[in-house]
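To start, the structure under review is shown below, and the notes come after it.
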Amino acid sequence: MSDHDPSRIRGSGRNRAVFDSVDLVGSYNPDGGLTPAEDRLIGAWVPPEPDVLDLGVGTGRTTPALRSIAGTYVGLDFAPAMIAAARRAHPGADLRVGDAAELSGFEDASIDFVLFSYNGIDYIHPAQRRAAALAEIRRVLRPDGVVVLSSHNPRAIFVRVEPARGEPAWRAVAKSAVATSRAATALLRSRAFWRGAGTAIDRFHPLMTAYATPARFRDELTAAGFEVREMIGGGHPRPLRTFTSPWTYVAATRSR
């Protein structure tokens, strides 16, 4: 299997240009490791020594952790600059430029575990390509294979900022109030908030982003032929809440 030619990656447009930017590439930590939510779901649902496909690998944050448990490992990202940074950080890892909506380099039922981290599915546009990515993930998964992925929640208007070490509690409360005000201002005026799903420009990076409440995300995955096994909040171990969890993490398998 070889790299996709970047010129063949269709429909990426604005988002691909942002992900290829020096500023955004530099903001990603290639040694950050798994998030607590990812660690929880992988530990609970992924079989030993899986064949792993790491979608939206970015600069390789998840690469060391997944390589350490994998039988085989491939990391894929549609931004060449991200993959170049990942290869520098993790020499020897199988890291490729490719499109999650067109996994033609991977055979049917050849993968045990797919991770699509950091809400990567939300940056695939238009909706037909997002659906194609879910169909491709389902195609390459073995019958008992697992996918872990996450999505932005459009109704997470309440933000909790944890206090830094040595910081007085009142300061964290003040930061939480400011962050909540900003989130509410941005989300309450979006159609996604009122409809439960939709697209908008991310308020932190100029990325076209899809949003779905936990319930709408579950419905989307079910319609795409997956069975949701576990759903947790991005702030795990805090519980998943519609109005406080900014991201929804899911472990799912192919429906039989």
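Along the sequence shown, the residues carry numbers beginning at 1.
- Residue P239 comes nearest to S245 through the heavy atom pair O-OG, 3.5 Å, listed as atom of the first residue, atom of the second, then distance.
- Residues P64 and H90 share a closest heavy-atom pair of CG-CE1, 3.4 Å.
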TODO: Start with the C-alpha gap between I232 and L41, add the side-chain angles, then the distance that decides, and say whether side-chain contact (heavy atoms from CB on, under 4.5 Å) holds.
DONE: CA-CA 9 Å; I232 62 177; L41 294 177; 3.8 Å; yes
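- For R238 against R160, the heavy-atom pair with the smallest separation is CD-NH1, 3.1 Å.
- Taking every heavy atom of both residues into account, A212 and P154 meet most closely at C-CD, 3.3 Å.
- Considering only heavy atoms from C-beta on, F116 comes within 4.5 Å of I124 through its side chain.
- Nearest heavy-atom pair across Y249 and E38 is CE2-CG, 3.5 Å.
- The pair R67-D54 does not meet the salt-bridge criterion, since no charged nitrogen lies less than 4.0 angstrom from a carboxylate oxygen.
- Side-chain atoms of T199 and Y211, non-hydrogen and from C-beta on, never get closer than 4.5 Å to each other.
- With contacts defined as side-chain heavy-atom distances shorter than 4.5 Å, the pair I42/L66 qualifies.
- Rounding to the nearest 0.5 angstrom, the gap separating the CD atom in E220 from the CD1 atom in I121 is 7.0 Å.
- R138 and A224 make their closest contact through CD-O, 3.4 Å (heavy atoms, listed as atom of the first residue, atom of the second, distance).
- Using a 4.5 Å cut-off on side-chain heavy atoms (C-beta onward), T59 and D77 make no contact.
- The main-chain N or O of F226 is found under 3.5 Å from a side-chain atom of S255 such that the two form a donor-acceptor pair.
- Here F243 contributes atom CZ and T213 contributes atom OG1; the two are 9.5 Å apart, rounded to the nearest 0.5 Å.
- Side-chain N or O atoms of S181 include none that pairs as donor or acceptor with a backbone N or O of A177 at under 3.5 Å.
- By the 6.0 Å contact criterion, CD on E49 is open, its count of non-hydrogen atoms from other residues, nucleotides or ligands being 12 or less.
- Taking CZ from R155 and CZ from R195, the interatomic distance works out to 11.5 Å, rounded to the nearest 0.5 Å.
- No donor-acceptor distance shorter than 3.5 angstrom exists from the side chain of R129 to the backbone of A100, with no hydrogens or angles considered.
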TODO: List the steps, then state whether side-chain contact (heavy atoms from CB on, under 4.5 Å) holds for L240 with N153.
DONE: CA-CA 11 Å; L240 174 63; N153 174 15; 5.9 Å; no
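- Remark: the S151 side chain and the D122 side chain contain an N/O donor-acceptor pair separated by less than 3.5 Å.
- Hydrophobic clustering (side-chain heavy atoms under 4.5 Å, transitive across Ile, Leu, Val, Met, Phe, Trp, Tyr) groups I69 together with L95.
- Between the side chains of T63 and Y73, at least one donor N or O sits under 3.5 Å from an acceptor N or O.
- Between R182 and V159, every side-chain heavy-atom pair lies at or beyond the 4.5 Å cut-off.
- Between T253 and the choices R142, R229, E227, the side chain to side chain donor-acceptor pair (under 3.5 Å) rule is met once, by R229.
- Grouping the Ile, Leu, Val, Met, Phe, Trp and Tyr side chains by contacts below 4.5 angstrom, directly or via other members, places F158 with L188.
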Open item on the list: Please determine whether side-chain contact (heavy atoms from CB on, under 4.5 Å) holds for the pair V46 and D112, giving the CA-CA distance in whole Å, both sets of side-chain angles, and the decisive distance to 0.1 Å.
Closed with: CA-CA 8 Å; V46 176; D112 296 303; over 6 Å; no
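- A distance of 11.5 Å separates NZ of K175 from CD of E162, quoted to the nearest 0.5 Å.
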Task: Criterion side-chain contact (heavy atoms from CB on, under 4.5 Å) on V228 and F217, from CA distance to verdict - done: CA-CA 10 Å; V228 173; F217 194 32; over 6 Å; no
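- To the nearest 0.5 angstrom, L141 atom CG is 11.0 Å from D108 atom CG.
- Paired with V147 under the rule side-chain contact (heavy atoms from CB on, under 4.5 Å), one option of L134, V114, V250 passes, and it is V114.
- We find the NE2-CG distance between H125 and L207 to be 8.5 Å, quoted to the nearest 0.5 Å.
- Ring pair H152/W247 is perpendicular by interplanar angle, where above 60° counts as perpendicular and below 30° as parallel.
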